[in-house]
Q: 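So that we are looking at the same thing, I have put the structure below in structure tokens.
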Amino acid sequence: VQLQASGGGLVQAGGSLRLSCAVSGRTFSNYPMGWFRQAPGKERDFVATISQSGGSTYYADSVKGRFTISRDNAKNTVYLQMNSLKPEDTAVYYCAAARLSSSRPVDYNYWGQGTQVTVSS
């Protein structure tokens, strides 16, 4: 499975970005998908996950109400809509495909290369 994340960039606090992750190589709809992020000098943190059908989602408390994860199984793509961005959201964002719906990085088999999100104050 290959994952290609895109959509990162520089945005002012309060702004929005939409990340995309295109998946190829296996049947996309078989995999729960997740987004994680890693700031410099910190561990990789869970952001959001979505079930195979898209009917179930789960968010980290720090992004709940601001971020929305979604997927389009016809396009083999998962999205992360990020609104009301804060400087503390600055990180490299990674998409990943899991063996099961989880917030733990260890449960994800396949990872994209990451896309940088920088939020200025």
Side-chain angles (χ1 to χ4, degrees):
V1 178
Q2 292 81 45
L3 294 82
Q4 181 71 42
S6 61
L10 173 64
V11 63
Q12 289 188 332
S16 298
L17 282 174
R18 188 194 197 200
L19 305 184
S20 299
C21 177
V23 180
S24 61
R26 292 284 179 91
T27 304
F28 174 69
S29 59
N30 286 347
Y31 294 92
M33 297 294 297
W35 286 96
F36 291 78
R37 64 188 182 185
Q38 188 167 19
K42 296 189 176 181
E43 294 185 349
R44 190 167 297 188
D45 290 333
F46 168 74
V47 174
T49 186
I50 188 167
S51 62
Q52 292 95 317
S53 68
S56 178
T57 58
Y58 179 70
Y59 297 91
D61 287 344
S62 59
V63 307
K64 202 172 295 183
R66 300 188 298 122
F67 290 11
T68 302
I69 188 171
S70 62
R71 66 190 294 162
D72 186 337
N73 285 346
K75 295 183 178 180
N76 288 1
T77 303
V78 62
Y79 304 97
L80 185 68
Q81 178 66 44
M82 305 186 294
N83 298 329
S84 302
L85 282 161
K86 305 175 181 180
E88 52 263 44
D89 294 318
T90 295
V92 176
Y93 283 70
Y94 297 90
C95 59
R99 298 179 289 112
L100 70 162
S101 290
S102 172
S103 61
R104 304 188 311 162
V106 68
D107 290 323
Y108 287 75
N109 299 62
Y110 306 101
W111 292 83
Q113 85 289 359
T115 185
Q116 176 71 47
V117 172
T118 303
V119 184
S120 63
S121 58

Q: Do side-chain atoms of Q113 reach the backbone of Q4 as a donor and acceptor pair under 3.5 angstrom?
A: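 Looks like no, no N/O pair under 3.5 Å.
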
Q: Show every ring-ring contact (aromatic ring centres under 6.0 Å, His included) that has at least one partner inside residues 72-100, sequence neighbours left out.
A: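 Pairs touching residues 72-100 that pass the test: none.
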
Q: Nearest 0.5 Å, what's the NZ-CG distance between K75 and N73?
A: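 The CG atom of N73 is 12.0 Å from NZ of K75, to the nearest 0.5 Å.
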
Q: Report the residues that fulfil side-chain hydrogen bond (donor to acceptor under 3.5 Å, both in side chains) with S51, sequence neighbours left out, ordered by chain and then residue number.
A: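 side-chain hydrogen bond (donor to acceptor under 3.5 Å, both in side chains) list for S51, sorted by chain: empty.
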
Q: Is there a path of hydrophobic side-chain contacts, each under 4.5 Å between heavy atoms, that joins V1 and V78?
A: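 Hydrophobic grouping puts V1 with V78.
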
Q: Using modelled atom types only, decide if a donor and an acceptor are shared between the side chain of Y110 and the backbone of V23 within a distance under 3.5 Å.
A: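 Not at all, since once roles are kept as given, no pair shorter than 3.5 Å links the two residues.
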
Q: Applying salt bridge (charged side-chain N to carboxylate O under 4.0 Å, His left out), can you list everything that pairs with K42, at least two apart in sequence or on another chain?
A: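 K42 satisfies salt bridge (charged side-chain N to carboxylate O under 4.0 Å, His left out) with no residue once adjacent residues are dropped.
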
Q: For the side chain of T115 and the backbone of G8, is there at least one donor-acceptor N/O pair under 3.5 Å apart?
A: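 Here the side-chain-to-backbone pair exists.
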
Q: State whether the side chain of T27 and the backbone N or O of S29 hold a donor-acceptor pair below 3.5 Å, judged by distance alone.
A: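 No; zero donor-acceptor contacts below 3.5 Å.
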
Q: Considering only residues two or more places apart or on different chains, which pairs with a residue in residues 106-121 satisfy salt bridge (charged side-chain N to carboxylate O under 4.0 Å, His left out)?
A: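 Only R99-D107, R104-D107 qualify under salt bridge (charged side-chain N to carboxylate O under 4.0 Å, His left out).
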
Q: Taking only residues two or more places apart in sequence, or in another chain, which ones meet Y59 in a ring-ring contact (aromatic ring centres under 6.0 Å, His included)?
A: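 Counting only residues at least two positions away or on another chain, Y59 forms no ring-ring contact (aromatic ring centres under 6.0 Å, His included).
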
Q: Any side-chain to backbone donor/acceptor pair from T90 onto V119? Under 3.5 Å, distance only.
A: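 Yes: the side chain of T90 pairs with the backbone of V119.
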
Q: Hey, could you give me the CD1/OG distance between I50 and S70, rounded to the nearest 0.5 Å?
A: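 Atom-to-atom, I50:CD1 and S70:OG are 6.0 Å apart.
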
Q: Could you note down all residue pairs passing salt bridge (charged side-chain N to carboxylate O under 4.0 Å, His left out) where residues 10-23 supplies at least one of them, sequence neighbours left out?
A: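 Matches after skipping sequence neighbours: none remain.
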
Q: What are the two closest non-hydrogen atoms of A98 and Y31, and how far apart are they?
A: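 Between these two residues, the closest heavy atoms are O-CD2, 3.4 Å.
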
Q: State yes or no: do V47 and V92 share one hydrophobic cluster built from I, L, V, M, F, W and Y residues joined by side-chain heavy-atom distances below 4.5 Å, directly or via other members?
A: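 Different clusters.
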
Q: Taking all non-hydrogen atoms of both residues into account, name the closest pair between L10 and S120 and its distance.
A: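 Heavy atoms only, the tightest pair is CD1-CB, 4.4 Å.
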
Q: Of all the heavy-atom pairs spanning S102 and Y108, show the shortest one and how long it is.
A: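 The answer is O-OH, 2.6 Å.
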
Q: Could you see if M82 belongs to whatever hydrophobic cluster contains V11? Use Ile, Leu, Val, Met, Phe, Trp, Tyr and a side-chain cutoff under 4.5 Å.
A: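 Shared cluster, yes.
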
Q: Just to verify, what does Q81 make a side-chain hydrogen bond (donor to acceptor under 3.5 Å, both in side chains) with, not counting sequence neighbours?
A: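 Q81 satisfies side-chain hydrogen bond (donor to acceptor under 3.5 Å, both in side chains) with N83 once adjacent residues are dropped.
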
Q: For the atom pair CD (E43) and CZ (F36), what is the distance rounded to the nearest 0.5 Å?
A: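 Reported to 0.5 Å precision, the distance equals 12.5 Å.
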
Q: Keeping to residues at least two apart or across chains, list the disulfide (SG to SG under 2.5 Å) pairs with something in residues 62-121.
A: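 Passing the test, one end in residues 62-121: C21-C95.
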
Q: With sequence neighbours excluded, tell me which residues meet side-chain hydrogen bond (donor to acceptor under 3.5 Å, both in side chains) with D89.
A: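 For D89, the residues satisfying side-chain hydrogen bond (donor to acceptor under 3.5 Å, both in side chains) (neighbours in sequence not counted) are R37, R66.
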
Q: What's the spacing between T57 OG1 and F67 CZ if we round to 0.5 Å?
A: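 Going from OG1 on T57 over to CZ on F67, the span is 14.0 Å.
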
Q: Between W35 and I69, is there a side-chain heavy-atom distance shorter than 4.5 Å?
A: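 Yes; the side chains approach each other to less than 4.5 Å.
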
Q: Which heavy atom of A91 sits nearest to which heavy atom of A39, and what is that distance?
A: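 The answer is CB-N, 3.8 Å.
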
Q: Going by the rule side-chain contact (heavy atoms from CB on, under 4.5 Å), which residues pair with A60 if we only count those two or more places apart in sequence or in a different chain?
A: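 A60 satisfies side-chain contact (heavy atoms from CB on, under 4.5 Å) with F46, S62, V63 once adjacent residues are dropped.
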
Q: Roughly how far apart are L19 CG and T77 OG1, rounded to 0.5 Å?
A: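 Answer for the CG-OG1 pair, L19 versus T77, is 12.5 Å.
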
Q: What is the distance from atom CG of L100 to atom CD of Q52, rounded to the nearest 0.5 Å?
A: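 Reported value, rounded in 0.5 Å steps: 9.0 Å.
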
Q: For Q2, give me all partners under side-chain contact (heavy atoms from CB on, under 4.5 Å), at least two apart in sequence or on another chain.
A: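 side-chain contact (heavy atoms from CB on, under 4.5 Å) check on Q2 returns S24.
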
Q: How would you list, by chain and number, every residue that makes a side-chain hydrogen bond (donor to acceptor under 3.5 Å, both in side chains) with Q116, sequence neighbours excluded?
A: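 Result, side-chain hydrogen bond (donor to acceptor under 3.5 Å, both in side chains) vs Q116: T118.
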
